Amino acid sequence: MKKKQYLCSKFLNNLKRYVYIVCVICAVVSCSGPDAANYYRQGRSFREADEPLSAMQAFIAATRVRSSEYDAKGRSYSNMATMCRMGERHDLAYALYERSAEQFLSGHDTLAYAYALNNMAWEQAVTGQKEPARTLADSALRVYPDARVADKVLETRTAACLYAAEYDSVLCYAQTAPAGTVYFDMLRAQAYTFLEEYDSALHYARRVCGQTENPRFLDDAYYILTQCDSTASGDELRSLAATRTDIQRDLERNAPDWTAAMMLAEQALTDETERWQSRFLWGGLALLAAGGTAWLVYRLRRKRKQSLDEYCKVLRQSKDLRFELQLDDYAQFCAICNTYLSGIADKLEKRGLSEREIRICVLVLIGLSYAEIAEVLYRAESGIGKDKYMIAKRLGVSVKDLQTTLRRIANEK
């Protein structure tokens, strides 16, 4: 017995040591790999070098790092969304901005979270959903009531009015914007074009051309100049058209890479959604298995208790209890008690009770009275009373609680 205890203790100590070593190795491996911030910086450098596919791969790698670098992951999602916005994939950009908002919210970065909400609102505005866009923009302003956020929210509200064909509202919002802002000058030029006030549209389009090198702004501005300037000569119009053609050629030069990058982002988002779905599925299955196991254990225990009670009832109503339990043959008596009364004979033997005491305990467990026990065992009631007193004393309980104690011992594992 001592040897078994020693071997068991030695095995447990070795197991603890191995578990500790494995945990240390896992921690070292998880900390030794590149972190999300490094991947994010790589993605930014690739994006500045106009390599959209490499930039998207780096940003995706940053989002897949198993760490709680919420800021780097949120910025990576935001850059992925901006790249999809530039490729006119507004549905995908909205989903990625939503992921960035979740990361910023987890990292308690309220300013970045407000910007992410506003970007989501902008994507809603571009797709013509004015009211959801206005709701998200108001939420961004409530989250972080700051002048920087207010300027971005104003841009979103103005864009929502433009795409909803509310051009007077666009001009009204643009009047409250800071002077010399390229984005609002572009919105004014587009609004005046749709309102057929071409002189004002040309004025703001020329201001855009003189203030920015953004090819997308310049493309729209040169389009307004070629369509609205009725006083320009043929040579001037051809020059404007050639300039716009050069801009469009520059935009289309990396179009395959941008398309591949957006497909990569969409696949990464789909894979991430599938991973979360599989996690929820396996988590639900684990909970279901745990619940089923608990229910099964409960049913087995209840069945065991019911079977004990039922067999005690059957024996108590037996006409020839002595024959049913084979009281004359102790070996058969123990076999019957162990089979139908949850191994009560073996459990009482381990507590040091004698054969006579075990017989009395079984009859007490069944629920017989002093007189009935004396009749079955052919003994005097006074002798049965003394034996019950000694049994209760040995088990450390009172005679009154003896039957309850025997039931508890029978139900023990």
Side-chain angles (χ1 to χ4, degrees), residues 78 81-82 85-86 88 90 93-94 97 101 110-232 236 240 243-244 247 251:
S78 182
T82 303
R85 173 191 288 181
M86 295 169 67
E88 304 295 329
H90 299 293
Y94 178 86
Y97 279 129
T110 52
L111 177 59
Y113 177 61
Y115 280 139
L117 290 176
N118 182 69
N119 286 325
M120 292 166 60
W122 200 91
E123 298 302 329
Q124 294 277 28
V126 172
T127 55
Q129 302 181 47
K130 180 182 175 183
E131 291 305 320
R134 180 176 296 175
T135 302
L136 282 170
D138 293 341
S139 300
L141 198 56
R142 284 196 300 270
V143 167
Y144 201 91
D146 184 75
R148 294 168 292 178
V149 178
D151 291 341
K152 293 295 182 182
V153 167
L154 183 61
E155 292 179 4
T156 301
R157 288 173 177 167
T158 309
C161 293
L162 178 68
Y163 287 100
E166 298 176 2
Y167 305 119
D168 293 332
S169 299
V170 172
L171 298 176
C172 181
Y173 277 126
Q175 288 178 356
T176 62
T181 305
V182 178
Y183 183 75
F184 283 102
D185 286 344
M186 190 69 250
L187 292 178
R188 285 190 185 101
Q190 292 173 333
Y192 280 124
T193 302
F194 287 115
L195 290 172
E196 298 182 357
E197 297 182 17
Y198 298 126
D199 292 338
S200 299
L202 291 171
H203 169 72
Y204 287 108
R206 291 191 184 98
R207 286 182 57 170
V208 170
C209 293
Q211 289 178 339
T212 184
E213 295 180 358
N214 188 319
R216 287 173 172 77
F217 282 173
L218 291 176
D219 183 35
D220 292 338
Y222 277 108
Y223 175 79
I224 293 172
L225 291 175
T226 55
Q227 296 297 319
C228 299
D229 194 354
S230 59
T231 61
E236 290 175 341
L240 290 172
T243 304
R244 184 165 179 258
I247 292 172
L251 288 173

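These numbers were taken from a predicted model, which means no experiment stands behind them. Index from 1, following the sequence.
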Nearest-0.5 Å distance, CG of residue D220 to CG of residue L187: 10.0 Å
Criterion side-chain contact (heavy atoms from CB on, under 4.5 Å) against P132, the qualifying member of K130, R134, Q129: Q129
Sequence-distant partners of E197, salt bridge (charged side-chain N to carboxylate O under 4.0 Å, His left out), two or more places apart: none
Between OG1 on residue T176 and CZ on residue F184, distance to nearest 0.5 Å: 6.5 Å
Check against side-chain contact (heavy atoms from CB on, under 4.5 Å), F217 and D185: CA-CA 10 Å; F217 282 173; D185 286 344; over 6 Å; no
Value rounded to 0.5 Å, distance of OH in Y167 from CD in E196: 10.5 Å
Option from T127, N119, L136 for which side-chain contact (heavy atoms from CB on, under 4.5 Å) with Y94 holds: L136
Greater than 12 external heavy atoms within 6.0 Å of E131's CD: yes
I224 vs M186 side-chain heavy atoms within contact, under 4.5 Å: yes
Pairwise side-chain contact, N214 with V182, heavy-atom cut-off 4.5 Å (strictly under): no
Neighbour count >12 (heavy atoms, 6.0 Å) for atom OH, Y223: no
Minimal non-hydrogen separation, A125 against A133, with atom names: N-CB, 3.6 Å
Kindly list each side-chain donor-acceptor pair under 3.5 angstrom involving residues 140-165, sequence neighbours excluded, with atom names and distances?
| from | atom 1 | to | atom 2 | distance (Å) |
| --- | --- | --- | --- | --- |
| R142 | NH2 | S139 | OG | 3.2 |
| D146 | OD2 | R148 | N | 3.0 |
| D146 | OD2 | R148 | NE | 2.8 |
| T156 | OG1 | N118 | OD1 | 2.8 |
| T156 | OG1 | N118 | ND2 | 3.2 |
| T156 | OG1 | K152 | O | 3.2 |
| R157 | NH2 | D138 | OD1 | 2.3 |
| T158 | OG1 | L154 | O | 2.7 |

Backbone N/O of Y222 and side chain of T226: donor-acceptor pair under 3.5 Å: yes
Reported OG-to-OH distance for the pair S200 and Y192, which is rounded to 0.5 angstrom: 5.0 Å
Distance, nearest 0.5 Å, that separates OH of Y97 from CE of M120: 11.0 Å
Donor-acceptor pair, side chain of R85 and main chain of H90, under 3.5 angstrom: no
Parallel, tilted or perpendicular, as decided by the 30° and 60° cut-offs, for the rings of Y183 and W122: tilted
Spacing of Q175 atom CD and L171 atom CG [to the nearest 0.5 Å]: 7.0 Å
L218 to C209 - nearest heavy-atom pair and separation: CD2-CA, 3.8 Å
